[in-house]
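For clarity, every value in this text was computed on a predicted model and none was experimentally measured. All ligand and atom numbering here is 1-based and tracks the order in the structure. We number each residue from 1, following the sequence as shown.
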Amino acid sequence: MTLAELLPSIGCSTEPVLEEGLWPDGTHLSGSDLVIGGVPATRLAAQFGTPCQVLDEATVCNRAKAFVAALPEAEVVFAGKSLPCPEVYRWMASVGLSLDVSSAGELALARAAGFPAGRIVMHGNVKTGEDLKAALEYGVSRIVADSFDEIAQLGALARHGQEVMIRVTPGVDAHTHAAVSTGVEDQKFGFSLASGAALEAVLRVVEQPSLRLAGLHCHIGSQVRHVASYEETVRRMVGLIASCGVRIEQLDLGGGFCAPYLPGESSFDLFGFAQRVRGTLSYECALHRVPVPRILIEPGRSIVANAGVTLYRVCAVKRGVRTFVAVDGGMSDNPRPALYGAKYAVRLVGRGGKLRPVTVVGRHCEAGDVLAENVLLPADVHAGDLLAVPVTGAYHHALASNYNQVGRPPVVAVRDGLARPIVRRETEEDLLRRYV
Ligand code: LLP
């Protein structure tokens, strides 16, 4: 393999081309600068500082609209946990999506965005009394029950007719990382289909006079690549619907649709998903003689991941057996490599040069604070250089922490050459506010 062939597979290139499919729509090179949403990365870094999470608004909205276009008969529910931010929730409302929240906190953001309660679904394997009360008070349209305790608590708290869905564990292996594989038996989510617990949960909800069964829910995992996993889920869920003995109007298939993180990885086959799920659903419903339920899907990552780019400034370079390029962020803004072994591409903005493999590390006090291993950067990479990491729109802002009391970065939305923060940078004042 020549070096030129090798470079894209490792994730970086000095060629004036961008890795296909990873960057926000319309991202391009202008000289050696990287232009995102019409705004040069060097200008974004100068204006907003680094680290900086850049989010391309058009990419987010276009991906949301693509789900609606692919499945016009379905309700498309944005998984709010993937990028919790009122402005993003407003974009979702404006393109016709519903929203799922998994805590009173995410619901507070939805309220701040003025998101219509009738299009909000509340999730979570544990909802505290406060979560449930907040959901009931705002009037969220559906609450997805995840335990018998919760059904009882909800039955006692709810006013007449609160719509409830049952979260089912269908026993489908989505072939993804164990930490985000939620459709298999022997993990904390949902009511097992195989053990009969899901059917029992349906009966418990039906028995509660203050609750109304709206449908069944499942979510087999995240970063799911194979449409076949969803087909199998539909088969199992329709089998359950047939044994419920009550009409099931809605079937929520959850989210999990994969996003490409590295060159050569493909996007989720949305068109194939829509066709095959639609076909399997109508076939299975006819087979079991049950009415076809309305489908809901809950994409998060596949809408926002590739819309995000994080900019870092190089603070130090250590050359030894390996070359470590240390940046001004790290596991506080991206714990995904440490949590899931996630891999990222990295690009130096501003110049090219002869490439050498390096390890990009963060500023935190852990040897595991590594952002990207074995990526190719110009051999003369030095302090002051600007690095851009694509595919940081999903579960980056959401998972960010204050480790080492480092303030969390801003999220800066770009569109048509304009940039505006939609989450501001966390300051020392913010950090000090909580200490007594
Ligand atoms: N619906 C439910 C019930 C979920 O729990 C999730 C994600 C989604 C939908 C959206 O899944 P998505 O389309 O975004 O894959 N922190 C991990 C991902 C955790 C996913 C949690 N649940 C990561 O950074 O990879």
Side-chain angles (χ1 to χ4, degrees), residues 53 60 63-64 66-67 71 74-84 88 92 97-103 106 120-127 131 142-146 165-170 172 174-184 187-191 215-227 229-230 233 237 250-261 265 267-268 270 273 295-308 310 331 333-344 371 389 391-401:
Q53 296 183 341
V60 173
R63 304 227 164 166
F67 274 96
L71 278 160
E75 181 176 351
V76 182
V77 185
F78 176 60
K81 72 198 78 174
S82 62
L83 182 41
V88 174
M92 295 298 159
L97 266 63
S98 298
L99 178 71
D100 91 44
V101 296
S102 54
S103 67
E106 282 176 9
I120 298 181
V121 181
M122 179 175 265
H123 280 293
N125 75 303
V126 173
K127 299 173 204 71
D131 293 328
R142 286 142 294 178
I143 298 176
V144 182
D146 206 303
M165 301 180 89
I166 300 292
R167 173 147 180 178
V168 177
T169 309
V172 173
H175 306 291
T176 183
H177 192 283
V180 291
S181 183
T182 50
V184 289
Q187 46 73 41
K188 66 177 186 169
F189 291 98
F191 294 96
L216 302 181
H217 171 279
C218 57
H219 170 72
I220 57 173
S222 199
Q223 193 63 353
V224 180
R225 298 194 177 280
H226 305 295
V227 172
S229 306
Y230 292 98
T233 304
M237 293 299 283
Q250 299 176 29
L251 173 59
D252 190 332
L253 297 173
F257 319 113
C258 70
Y261 279 77
E265 288 182 2
S267 300
F268 188 71
L270 182 53
F273 168 83
I295 289 291
L296 283 78
I297 49 169
E298 303 174 336
R301 189 193 310 271
S302 48
I303 291 180
V304 291
N306 297 95
T310 301
M331 67 194 303
D333 61 82
N334 183 9
R336 299 193 69 259
L339 285 174
Y340 321 112
K343 307 238 180 300
Y344 289 84
L371 287 172
V389 178
V391 209
T392 62
Y395 303 107
H396 278 237
H397 169 65
L399 290 173
S401 78

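In this structure, H396 has its ring center closer than 6.0 angstrom to the ring center of Y344.
Of the protein's heavy atoms, E298 OE1, 2.6 Å lies nearest to atom 1 (N) of ligand 1. In terms of protein heavy-atom proximity, atom 10 (C) of ligand 1 is nearest to A79 CB, 3.4 Å. S222 OG, 2.3 Å is the protein heavy atom nearest to atom 15 (O) of ligand 1. When only non-hydrogen protein atoms are considered, atom 17 (C) of ligand 1 lies nearest to Y340 OH, 3.1 Å. Remark: minimum distance from atom 19 (C) of ligand 1 to any protein heavy atom is reached at V180 CG1, 3.8 Å. When only non-hydrogen protein atoms are considered, atom 24 (O) of ligand 1 lies nearest to R336 NE, 2.6 Å. Ranking protein heavy atoms by distance to atom 14 (O) of ligand 1, first place goes to Y395 OH, 2.6 Å.
N306 contributes a side-chain N or O that, together with a main-chain N or O of P260, makes up a donor-acceptor pair within less than 3.5 Å. K127 places a side-chain N or O within 3.5 Å of a backbone atom of V144 that can act as its donor or acceptor partner.
Polar contact check, H123 against ligand 1: no nitrogen or oxygen pair lies under 3.5 Å apart. For the pair G256 and ligand 1, the shortest N or O to N or O distance falls below 3.5 Å.
Ring geometry for F67 versus F257: interplanar angle of 30 to 60°, hence tilted.
To the nearest 0.5 Å, atom CG of residue L270 and atom CG of residue L71 are 6.5 Å apart.
Across the listed options H219, H217, R167, H219 owns the non-hydrogen atom lying nearest to atom 8 (C) of ligand 1.
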Test side-chain hydrogen bond (donor to acceptor under 3.5 Å, both in side chains) applied to S302 and R63, step by step: CA-CA 8 Å; S302 48; R63 304 227 164 166; over 6 Å; no
Please assess H123 against H217 for the test ring pair (Phe, Tyr, Trp, His ring centres under 6.0 Å), listing each intermediate value before the final yes or no. CA-CA 10 Å; H123 280 293; H217 171 279; 4.5 Å; yes
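In summary, the atoms of ligand 1 found under 4.0 Å from a heavy atom of G300, numbered by their order in the structure, are 12 (P), 13 (O), 14 (O). When each atom of ligand 1 is checked for a heavy atom of L399 under 4.0 Å away, the hits are 16 (N), 24 (O).
Between F78 and L97, the shortest heavy-atom distance links the atoms CB-CD2, 4.0 Å. Among all heavy-atom pairs drawn from P170 and T233, the shortest one is CG-CG2, 4.1 Å.
Heavy atoms of K81 come nearer than 4.0 angstrom to ligand 1 in at least one pair.
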